[in-house]
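Heads up: the structure comes next, in structure tokens.
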Amino acid sequence: MLMEVFPFGDHDQHVILLTWRHALLDGTGINLLLEKMASGDASAGPPEPAPPKRHRMRDVFQRARPLMKRLHAMTSAGCLSAWAKGGAKGGAPDFHVIEFSQEQSERAAVRLRTACGDFLQMPFYAAVAARALRLLHERRGWHSPQIHLQLPFQSRGRSRDLLFGNHTGTLPLFLDAGALGTLEEAVSHLLERYREAMREEMPKASEALMTLAAHLPVGWFIPAVRLSNCGQICSLFHSHTGSFLPGRGEFAGAPVQNVYNIPNVCSPPGLGIFFSDFAGRITLTLSWRRGSVSPEEVETVNQKIQEDLTGGR
């Protein structure tokens with residue numbers, strides 16, 4: 001992990017930049033780390049490391065098979081991401097951060113409550129992301145029968161002492177592109193596929209697949225993914241991490257203006273759509289690989305997301 005501090009603006013403001021690999025921290029872990037850093041309390045010291053779990057690989061493989069079959073079916077059906085087959089894979093990473101105003105965020109909150117109620121946010125933001133990718137496909141003249149999302153899912157026990165390690169697994173969802181016509185239809189379809197994935201125990205299958213991956217050398221696992229899935233692991237990267245440092249207005253003795261993440265993405269899929277909140281305001285991070293998405297297409301995606309979130313530009 002790397003921590004850097006930069007001066008910003010003309011009013012004695014600063015940016016604190018933390019850089020790390022996802023294998024080290026996920027959204028829950030970084031929030032716990034920020035809380036500990038903000039409190040200045042390190043008296044407890046590091047927790048005792050948990051003993052490694054032992055697995056019977058045959059049982060793990062059987063648990064992973066339902067997801068492996070769905071991923072192969074997705075590839076066979078010609079499902080697309082933002083990356084074109086044969087296109088550049090090693091383009092430079094790029095990003096665009098859009099901080100919504102208080103008024104825009106309040107309008108989005110009203111639309112969210114109308115679509116999903118007061119407690120469930122995942123279907124709303126995931127539907128917005130999926131519809132933006134579908135529009136990108138349409139503008140290119142592409143047809144993808146499905147859009148595959150790998151969403152963060154709280155399938156593991158949450159521990160306030162576990163910073164370095166992932167608290168969440170993934171929930172694979174396979175959405176029919178034709179069912180995303182309106183935002184309301186997309187949210188309803190996503191909820192239906194969510195219930196289906198839970199019945200098929202997809203989070204457990206995803207956890208098992210990651211366990212298999214952890215026991216394979218990288219030099220074996222990556223070629224296997226490229227061979228069986230043509231390199232496609234999902235249609236786009238997406239998450240809604242919620243609020244960083246909820247309830248805290250200060251960090252290191254200074255008032256906090258905003259906290260958000262800028263994940264790096266690979267090609268394929270070539271595009272990531274990420275949301276976070278701070279003090280009632282939404283931040284949208286678009287992350288992509290040059291050569292997979294053009295600047296004009298990034299703006300198209302941005303406009304579509306803002307229209308769906310707020311009902312207008």
Side-chain angles (χ1 to χ4, degrees), residues 19 21-23 26-27 70-98 125-152 170-177 180 186 206 209 213 218 221-241 260-276 283-306 308:
T19 308
R21 290 189 178 274
H22 202 318
D26 64 7
R70 292 296 297 267
L71 289 172
H72 293 163
M74 176 192 76
T75 304
S76 301
C79 295
L80 302 170
S81 63
W83 172 79
K85 186 176 181 180
K89 290 187 177 181
D94 210 340
F95 68 91
H96 182 36
V97 175
I98 301 96
Y125 285 102
V128 168
R131 280 171 46 80
L133 179 64
R134 195 187 76 152
L135 177 62
L136 177 62
H137 288 164
E138 290 175 350
R139 293 289 176 88
R140 291 178 174 180
W142 293 5
H143 173 67
S144 180
Q146 287 190 332
I147 290 176
H148 172 211
L149 301 181
Q150 289 270 13
L151 303 179
T170 57
L171 172 65
L173 292 183
F174 299 84
L175 309 177
D176 293 333
L180 307 177
S206 178
L209 190 59
V218 173
F221 178 70
I222 298 301
V225 171
R226 288 176 178 160
L227 178 64
S228 62
N229 281 7
C230 303
Q232 298 272 19
I233 55 176
C234 59
S235 299
L236 79 159
F237 290 121
H238 164 70
S239 67
H240 174 256
T241 54
Y260 53 85
N261 60 337
I262 306 174
N264 197 353
V265 301
C266 57
S267 285
L271 176 66
I273 299 174
F274 308 98
F275 298 99
S276 61
T283 297
L284 162 65
T285 302
L286 299 175
S287 185
W288 68 94
R289 285 279 176 170
R290 295 177 188 171
S292 292
V293 187
S294 70
E296 294 76 18
E297 289 175 328
V298 170
E299 183 56 27
T300 295
V301 168
N302 176 27
Q303 290 181 20
K304 181 60 176 174
I305 290 171
Q306 295 206 35
D308 272 355

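Keep in mind that the numbers below use all heavy atoms, side chains included, and drop hydrogens, waters and symmetry copies.
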* Got F95 and P263 here, is their nearest side-chain heavy-atom distance under 4.5 Å? -> no
* Asked: What pair of heavy atoms forms the shortest contact from L133 to A82, and how long is it?
  -> CD1-N, 4.2 Å
* To do: Could you check if a side-chain atom of W83 sits within less than 4.5 angstrom of a side-chain atom of P269, using non-hydrogen atoms only?
  => no
* Would you say the side chain of P152 lies within less than 4.5 Å of the side chain of D26, judging by non-hydrogen atoms? -> no
* Asked: Which atoms form the tightest heavy-atom contact between L236 and A129, and what is the distance?
  -> CD1-O, 4.1 Å
* Side chain to side chain, D94 and V293, heavy atoms closer than 4.5 Å -> no
* Asked: Taking S144 for the side chain and C79 for the main chain, is one N or O donor matched with an acceptor at less than 3.5 Å?
  -> no
* Are side-chain heavy atoms of H240 and S276 found at a separation under 4.5 Å? -> no
* CZ (R139) with more than 12 external heavy atoms under 6.0 Å -> no
* Intermediate values then yes/no, side-chain contact (heavy atoms from CB on, under 4.5 Å), I305 and L286 -> CA-CA 10 Å; I305 290 171; L286 299 175; 3.9 Å; yes
* Asked: For D308, what residues pass the side-chain contact (heavy atoms from CB on, under 4.5 Å) criterion, not counting sequence neighbours?
  -> V128, R131, L183, K304
* To do: Please report the shortest heavy-atom distance between H96 and W288, naming the atom on each side.
  => N-CZ3, 3.5 Å
* Asked: Does T300 reach the side chain of L136, with side-chain heavy atoms less than 4.5 Å apart?
  -> no
* For the residue pair L173 and H148, establish whether any side-chain heavy-atom pair is separated by less than 4.5 Å. => no
* Structure fact -> Taken to the nearest 0.5 Å, the spacing of R290 CZ from S292 OG works out to 12.0 Å
* Is the backbone N or O of S81 less than 3.5 Å from a side-chain atom of H137, with the two atoms forming a donor-acceptor pair by type? -> yes
* **Interatomic spacing from CG in L149 to CZ in F237 - rounded to 0.5 Å** => 11.5 Å
* Asked: Taking the six-membered ring for Trp, are Y125 and F275 parallel (under 30°), tilted (30 to 60°) or perpendicular (over 60°)?
  -> tilted
* Compare every heavy atom of H238 with every heavy atom of L151, then report the nearest pair and how far apart it is. => CD2-CD2, 3.4 Å
* Audit row: Q306, I98, side-chain contact (heavy atoms from CB on, under 4.5 Å) steps and yes/no -> CA-CA 10 Å; Q306 295 206 35; I98 301 96; 3.7 Å; yes
* To do: Walk me through it: do R289 and N264 pass the test side-chain contact (heavy atoms from CB on, under 4.5 Å)?
  => CA-CA 9 Å; R289 285 279 176 170; N264 197 353; 3.6 Å; yes
* L135 side chain reached by V301 side chain, heavy atoms, under 4.5 Å -> no
* Structure fact -> Minimal heavy-atom distance between A186 and L180, with the atoms involved, is CB-CD2, 3.8 Å
* Asked: Which is it for R140 and E297 under the side-chain contact (heavy atoms from CB on, under 4.5 Å) test, yes or no, and what are the steps along the way?
  -> CA-CA 9 Å; R140 291 178 174 180; E297 289 175 328; 2.7 Å; yes
